[in-house]
Amino acid sequence: MINSILSPKWREFHSSLASMLNLTLAVVTPEGVTAFYNAPPLFDKLDRYPQLFTAYKDFLLKIPLPGEETGNGQVVYDPLGIPVFVCDFFNGEFFLLLVGGLDKGNPQCHQDFQAYLESYGVGEHEEFSAKFGAITVDELVSKSGSVKALYLNLLRSLNESKELGERMLLLTAVEEINKLMLQLFSSEYFDLQRILELVASSLIILSDADGSWVFTHSRTVSPLTVLRGQRSDCLQELEKSWSAAVNRREDPLGSVNELITQKKGEPGIKLENIFFSSKRESRISLGVLNPRDKSVQAVLVAFIKQVAIALEVADLYEVLQRQIGMVLNSIRHGVIVFNADRKTMMVNQAAAKIIAAQGIILQPGQPLEGQGLSRDLETAIISVLKNGDAHIQRQTVLEQEGNLLHLRWDAVPLLSDKIIMGAMLIFEDITETVNQISRMEDWERLATVGEVAAGLAHEIRNPLATAGAAIQLFARMDDEDKRRELISKINLELERINKILGDFLNISKARQMPALQPICLAQVIQELKFLIISEVHLKNLKLVCSDLAEPDDSPMVLGDRNGLKQVILNIVKNAVEACPAGGRLEMSLHRDTGHAWITVKDNGPGISRETLSKVLRPFFTTKNTGTGLGLSISASIMKRMGGELRIESEPGSGTSVHIILPLAPEN
Ligand code: ADP
Ligand code: MG
């Protein structure tokens, strides 16, 4: 039995099957390993690492011990911790091992793998791990199930009596290959080439032919040729005449027909072939050389039907892909689609372009992890695939060699009947906007600083004058007690100046991203008092502070002290500017269950409804010398602190601006 499994024709079949399933197949007999198919380089290189070689030898020898617990039908782990599925055939006559890759979704696997490699004295880690396709243990088990069914059915059919056996073999193979095709279609890319190869390989076995071939052709796609088996002279001629006909834009089937008729006359060669033409211009020719008997014709008919299905599906798939691609590529946003196995299924042009700037190139069919996307993007997509939740309007920074790319993104599930089929990442490059906002904030900060400086000079003049007078008095004074009194007065005035300067410097300092901390609103107002009073008095306004509780029982909010100060000054400045002929400015403190706010109310002309809708826009101003930045920056600072700026105004009855922040947790 084992010999029939290892004959050259079966070998073709095994390699096709292995490559189609992205697995390594190993046949192990009680004497040891008999054959590898689709062997990854790991196994080729074993002899370079004696320790690893011995470990594998022990492992493989341990498997086919008759009567012992061999792990048959189960997943076991090889010396490197790679999942292996063991199927035994004919009571331990031989075993088939299906070897998967590493489960890349599980970072622990990788760590373990590195550790195993080191323990066997292997240094070139990358070389090894890079060779493994990602496959989860569940995938391995499900693929193993269909492989086992396929083999058992084929082997059983081979054992039947000749006549009946062939018919059964045919039916079984057709059925099983159909299943495999469906499985491939649902889990990975639909790969027509691989399916055709499998079909051709199985043909060799089933018809016992000298050579078999499959040609496909469509008007848009260049001819795809699949050849297998011996009789290479005949097959080459067939291929040549097929491509020549395609190049001449003739019907290739005609010329192949001719060739076959010619060859049919030659002694010892007999050709059978069948053509199929799909609705979508695809043509296919499937054939065998020198078939053993008439039943081959029946095999061909059955196979061509399978191939026809594959072709139709491939055509439809292509049309669908093209249409989806057209839609996605016309979108300005980057779109990346992942399937439920976290593999990249689709990347639109905008996405490819945006992330290529950061050196990231997403390969379709590759797992999400390890392609260079940031950790938070990966985590979000994994959570979307797991829980079906959507992540909306998030921001991420990708960095490469100091280059920052700011992305705003949504990650949403692709649902079909509430089942999560995949995830879609939609993003846009907001680097320019982010840079612009930070530039604007700088301008506005400088403008505020400049304007505040005028008020500052005024405010410092008073204590300076007092201190100056005290110093003059001091020079003339003899009385020690009086002198001490004057010194303490000078000290007090200097302290006041120091404090005003301190506040000023605080505001003019460049702001980092704010570290939010509990702050006392009343105290912040206290700290700004000199600056506010200087603004207000300069313009002949009356300042009324109501409900400004003592710092002790005033509400604590979460925010950034300097950011908040800048906002308050901006609002006060606007209020002052709204009352050029003098007026009344009222500041008050309020709180509810979750928030506390400062209200700045003026009795200026108010804001019309139309203007009100625009005041938050950067650069919107109604003043000759305005920057139009105060409110927009203030709003963005408030938003960053988790707060809000609310403006209420009626033309004719003044304006109230509420500076709202969330209460600190201990409130
Ligand atoms: P700027 O003060 O440089 O004009 P802002 O962003 O601070 O820029 O304000 C934008 C506009 O909003 C002002 O030009 C003004 O028309 C309007 N505005 C803001 N505050 C008031 C207020 N208290 N009373 C009336 N109008 C106001
Ligand atoms: Mg302003």
Side-chain angles (χ1 to χ4, degrees), residues 433 436-456 458 503-504 507-508 511 524-525 528 531-546 562-590 597-641 643-661:
T433 320
Q436 212 168 343
I437 288 178
S438 91
R439 273 200 300 272
M440 269 165 28
E441 288 189 11
D442 282 349
W443 293 341
E444 177 60 12
R445 188 166 45 76
L446 290 177
T448 312
V449 167
E451 285 168 41
V452 168
L456 179 79
H458 173 81
D503 286 349
F504 175 72
I507 298 165
S508 56
R511 264 195 339 277
V524 170
I525 294 175
L528 282 176
L531 291 176
I532 294 175
I533 289 172
S534 74
E535 276 281 330
V536 168
H537 286 178
L538 213 58
K539 296 282 166 57
N540 206 15
L541 260 86
K542 187 169 160 19
L543 177 69
V544 180
C545 292
S546 54
N562 292 332
L564 179 61
K565 283 184 178 175
Q566 190 180 343
V567 173
I568 298 172
L569 279 178
N570 277 335
I571 305 304
V572 168
K573 228 152 35 92
N574 278 348
V576 170
E577 284 163 6
C579 313
R584 180 188 154 93
L585 186 93
E586 219 178 294
M587 287 182 81
S588 50
L589 269 182
H590 311 264
W597 61 95
I598 302 171
T599 299
V600 179
K601 186 165 185 265
D602 64 59
N603 65 346
I607 308 172
S608 74
R609 184 181 282 249
E610 201 209 333
T611 306
L612 193 59
S613 66
K614 297 182 198 152
V615 294
L616 288 182
R617 289 188 201 159
F619 303 113
F620 175 83
T621 180
T622 55
K623 300 166 194 167
N624 287 337
T625 55
T627 58
L629 290 170
L631 288 181
S632 74
I633 299 294
S634 299
S636 86
I637 292 174
M638 292 308 292
K639 198 169 160 205
R640 265 202 324 224
M641 297 195 291
E644 191 193 339
L645 200 65
R646 206 174 290 160
I647 306 170
E648 284 166 11
S649 188
E650 284 284 333
S653 58
T655 304
S656 293
V657 182
H658 309 285
I659 303 166
I660 308 170
L661 278 172

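Side-chain atoms are counted along with the backbone in the values below, which use heavy atoms only and exclude waters and symmetry mates. In listed order, ligands and their atoms are each counted from 1.
- Inter-residue side-chain proximity for I607 and T622 is flagged as unmet; no heavy-atom pair is nearer than 4.5 Å.
- Residues L585 and V544 form no side-chain contact, since every pair of their non-hydrogen atoms from C-beta on lies 4.5 Å or further apart.
- Taking every non-hydrogen atom of V615 and a distance limit under 4.0 Å, the qualifying atoms of ligand 1 come out as 12 (O), 17 (C).
- For ligand 1, the atoms sitting less than 4.0 Å from at least one non-hydrogen atom of I607 are 18 (N), 21 (C), 25 (C), 26 (N), 27 (C), numbered in the order shown with element in parentheses.
- For the Mg ion (ligand 2), protein N, O or S atoms closer than 2.8 Å were enumerated as N574 OD1, with waters left out.
- For the pair L531 and L528, the minimum side-chain heavy-atom distance is below 4.5 Å.
- Atom 16 (O) of ligand 1 has T622 OG1, 2.5 Å as its closest protein atom, hydrogens excluded (heavy atom only).
- When heavy-atom distances to ligand 1 are checked against a 4.0 Å cut-off, T655 comes that close only through its side chain, counted from C-beta outward.
- A search for salt bridge (Lys or Arg N to Asp or Glu O under 4.0 Å) contacts involving E644 returns R646, not counting sequence neighbours.
- In terms of polar-atom proximity, defined here as any N/O pair under 3.5 Å, S632 makes no such contact with ligand 1.
- Residue-to-ligand polar distances place D602 within reach of ligand 1: an N/O pair is separated by less than 3.5 Å.
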Pair W597-L661, side-chain contact (heavy atoms from CB on, under 4.5 Å): steps then yes or no = CA-CA 6 Å; W597 61 95; L661 278 172; over 6 Å; no
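- Of the heavy atoms in I571, none comes closer than 4.0 Å to ligand 1.
- The minimum heavy-atom distance between S634 and L645, with the atom names listed, is CB-CD2, 3.8 Å.
- Backbone and side-chain nitrogen or oxygen atoms of L631 are examined, and one is located within less than 3.5 angstrom of a nitrogen or oxygen of ligand 1.
- By the criterion of a heavy-atom distance under 4.0 Å, both the backbone and the side chain of T621 are placed next to ligand 1.
- With no hydrogens or angles considered, a side-chain donor-acceptor pair links K623 and N574 at under 3.5 Å.
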task = Kindly indicate, with the supporting measurements, whether the criterion side-chain contact (heavy atoms from CB on, under 4.5 Å) is fulfilled by R609 and L612.
result = CA-CA 5 Å; R609 184 181 282 249; L612 193 59; 5.5 Å; no
ask   = Should S656 and H658 be marked as a side-chain contact (heavy atoms from CB on, under 4.5 Å) after you check the CA-CA gap, both sets of side-chain angles, and the distance that decides it?
value = CA-CA 7 Å; S656 293; H658 309 285; 4.2 Å; yes
inquiry  = Using side-chain contact (heavy atoms from CB on, under 4.5 Å), reason through I598 and M587 one step at a time and then give a plain yes or no.
reply    = CA-CA 7 Å; I598 302 171; M587 287 182 81; 4.2 Å; yes
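- The nearest protein atom to atom 8 (O) of ligand 1, hydrogens excluded, is given as G628 CA, 3.2 Å; this is a heavy-atom distance.
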